[in-house]
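Notes for the one structure printed next.
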There are 2 protein chains.
Amino acid sequence: MPESMYRQIAEELRQKIESGELAHGAQLPTELELRDQYDASRNTVRDAIKLLITRGLVETRPGQGTFVVEKIVPFVTILAGEAYESAGDSEIYVQEVAAKRRQPMTTKPRVEIQTADGSVVRDLQLELNAQVVTRHQQRYIDGIPFSLQTSYYPMSFVEQGAARLIQASDIPEGTVAYLRNELGLSQVGYRDKVTVRAPDANETGFFKLPDDGRVAVFEVRRTAFDQKRRPYRLTVSIYPTDRNQFTINVGQVPDELPDQPKTG
Amino acid sequence: MPESMYRQIAEELRQKIESGELAHGAQLPTELELRDQYDASRNTVRDAIKLLITRGLVETRPGQGTFVVEKIVPFVTILAGEAYESAGDSEIYVQEVAAKRRQPMTTKPRVEIQTADGSVVRDLQLELNAQVVTRHQQRYIDGIPFSLQTSYYPMSFVEQGAARLIQASDIPEGTVAYLRNELGLSQVGYRDKVTVRAPDANETGFFKLPDDGRVAVFEVRRTAFDQKRRPYRLTVSIYPTDRNQFTINVGQVPDELPDQPKTG
DNA sequence: GGGTATTTGTCCGTATGTATT
DNA sequence: AAATACATACGGACAAATACC
């Protein structure tokens, strides 16, 4: 079992990290020091470090060194649960974040009118080349980029009177309530599909992710249904996988234990 | 914007892939051909390819070449939805998979008695160092590794009469029904927590994932609650993110459109 | 099976650039 | 400005896996 040298080096470093010999945030020896320690070339040491990087164990900072990654306290998003079945999504987000004493912020929506592409046509059961209104928002928590969100509505809603859908301003009561009042559409359910994929350039930029694709993103597609059980809204939300977690409550579940506050 | 050379090469190749000029499954030029095309060294070309690999766009096969990855049809797992709130988890899995005309297979459970670690103690609200029964299973669909699953039960259940929990054989009616009949525990709800992380060595081995951590795994922790709203079961399921998708149905939703069958 | 050509994998040494302290 | 540390790029050598004859 003569594993290649750079894998052996990576493995030894990994064990030192997992055993706690190298703590979170601690600096590893420099590449030149590791070269001498393991009697290998600097390039081989770098191959070992690359392996640890894609495994999410360490990060490099030019001019500084290589460090064990800090543990991240994840954001929690609730996708399903008793209290959430009737409200809209934006309100949930605000109330959820506020409940944890964190400060949410949402940009003004960027509104566009587009021709629906394949996946939107399928989820909203539109005709091919139908027009849709897209409302795109960026969300922050405590100033940290949290999610990118794009909602799709049939353009016919606007023609039927929901004019504020195409205005680039917030809808204070939420679009769910707005569409209920304006068009008599009430949301009786939704379906979420959760997948993971590599981020695109937009997403790496907004979330400040490394530009190789080693931190993936969640893509949550929420299709909402009206009282006729027809899809009338599609919301696609993107979250980095390295700092997010989803919770789904079904049936009777107790309240979650809150995070321990730190010293006062 | 003098981007580094290997990034430029990767970008050009990426565009050829996304434009369809290089189709799924198609072979890229060899490293030596790319070296000549881009007037770079072989190592620089290899750096570009590594970037495309971590982005999940291409894969290399020693002795053969570099290929655009094939698109994968994802397995769909339903985490919440009307029909699923009362049944157990194993039965759901079998009925779900069978409904899509795929062949599920589950190994006999490997049963162990362990001292609960921190996260199990927290989710099951046990005392520190409490004993738990773990039942571990491997699941396949059409012979393909699908998920790794470990369930945790308090050891006190066995002492109270649920002796079959510590037998390494399947419980045909499902553990949910077994515990209801034996101990009067009925499952009135559950909470799922979905996170993504790098796979460990066990997981890369079972799922045949690349041994660098570039394909992450879902970790789904399901805590089930009894009629007193106390946690009585924890099931941790692991799925590779590159071929799995989760669906959560809330409220009234129509049936999902089935996949198109192929010719006949 | 064996042998050979092709292709990617590993490892080395070196030089220079860029970011940080 | 100088020193340190990682990033990029080159070229070369040999190993290992695969395909083909």
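The chains referred to below are lettered A, B, ... by the order of the sequence lines, with proteins before strands, and numbering in each begins at 1. Just the heavy atoms: all of them, side chains too, but no hydrogens, waters or symmetry mates, feed the values below.
B:N43 places its CG atom 13 Å from the P atom of C:dC11, with the value rounded to the nearest Å. For B:D212 and C:dT10, the CG to P distance is 10 Å, given to the nearest whole Å. Rounded to whole Å, the distance from CD1 on B:I49 to P on C:dT7 is 13 Å. Rounded to an integer number of Å, the gap from B:E59 CD to D:dT18 P is 13 Å. In this structure, B:D36 places its CG atom 12 Å from P of D:dC10, rounding to the nearest Å. One interatomic measurement links the two molecules: OH of A:Y38 to C1' of C:dT10, which rounds to 18 Å at whole-angstrom precision. In this entry the distance linking CD of B:Q27 with C1' of D:dA19 reads 12 Å, nearest Å. Rounded to an integer number of Å, the gap from A:R35 CZ to C:dC11 C1' is 14 Å.
Within the 4.0 Å cut-off from OP1 or OP2 of C:dT21, at least one side-chain nitrogen or oxygen of A:Q64 is found. Checking the phosphate oxygens (OP1, OP2) of C:dT6, no side-chain nitrogen or oxygen of B:T30 falls inside 4.0 Å. Contact check, B:T44 against D:dA9: no side-chain N or O comes under 4.0 Å of OP1 or OP2.
Distance alone, capped at 3.5 Å, is enough to place a donor-acceptor pair between the A:Q27 side chain and the A:Q64 backbone.
Nucleotide D:dT18 forms a Watson-Crick or G-U wobble pair with C:dA5, both donor-acceptor distances falling under 3.5 Å.
Set against D:dA9, C:dC11, D:dA7, the side chain of A:E31 has D:dA7 as its closest nucleotide. Listed candidates were D:dA7, C:dT10, D:dC10. Nearest to the side chain of A:T60 is D:dA7.
A salt bridge does not link A:D123 with A:R191: none of the charged nitrogens is closer than 4.0 Å to a carboxylate oxygen. Salt-bridge formation is detected for the pair B:R61/B:E59: a Lys NZ or Arg NE/NH1/NH2 atom is positioned less than 4.0 Å from an Asp or Glu carboxylate oxygen. Salt-bridge check for B:K16 with B:E12: failed, with every basic side-chain N at 4.0 Å or more from each acidic carboxylate O. With respect to the salt-bridge test (charged N to carboxylate O, under 4.0 angstrom), the residues A:K50 and B:D212 do not qualify.
Between B:D47 and B:R42, the residue anchored closer to the 5' end of DNA chain D is B:D47, taking for each the nucleotide with the nearest heavy atom. Comparing A:D39 and B:R46 along DNA chain C, the residue whose closest nucleotide (by nearest heavy atom) sits nearer the 5' end is B:R46. Both B:T66 and A:Y6 lie close to DNA chain C; mapped to their nearest nucleotides by heavy-atom distance, the more 5′-ward contact belongs to B:T66. Take the nearest nucleotide of DNA chain D for B:M5 and for B:P62: the residue whose nucleotide is more 5' is B:M5.
Within 4.0 Å (heavy atoms only), B:R7 reaches sugar-phosphate atoms of the nucleic acid but no base atom. Nucleic acid contact for B:R61: sugar-phosphate only, since backbone atoms but no base atoms lie under 4.0 Å from a heavy atom of the residue.
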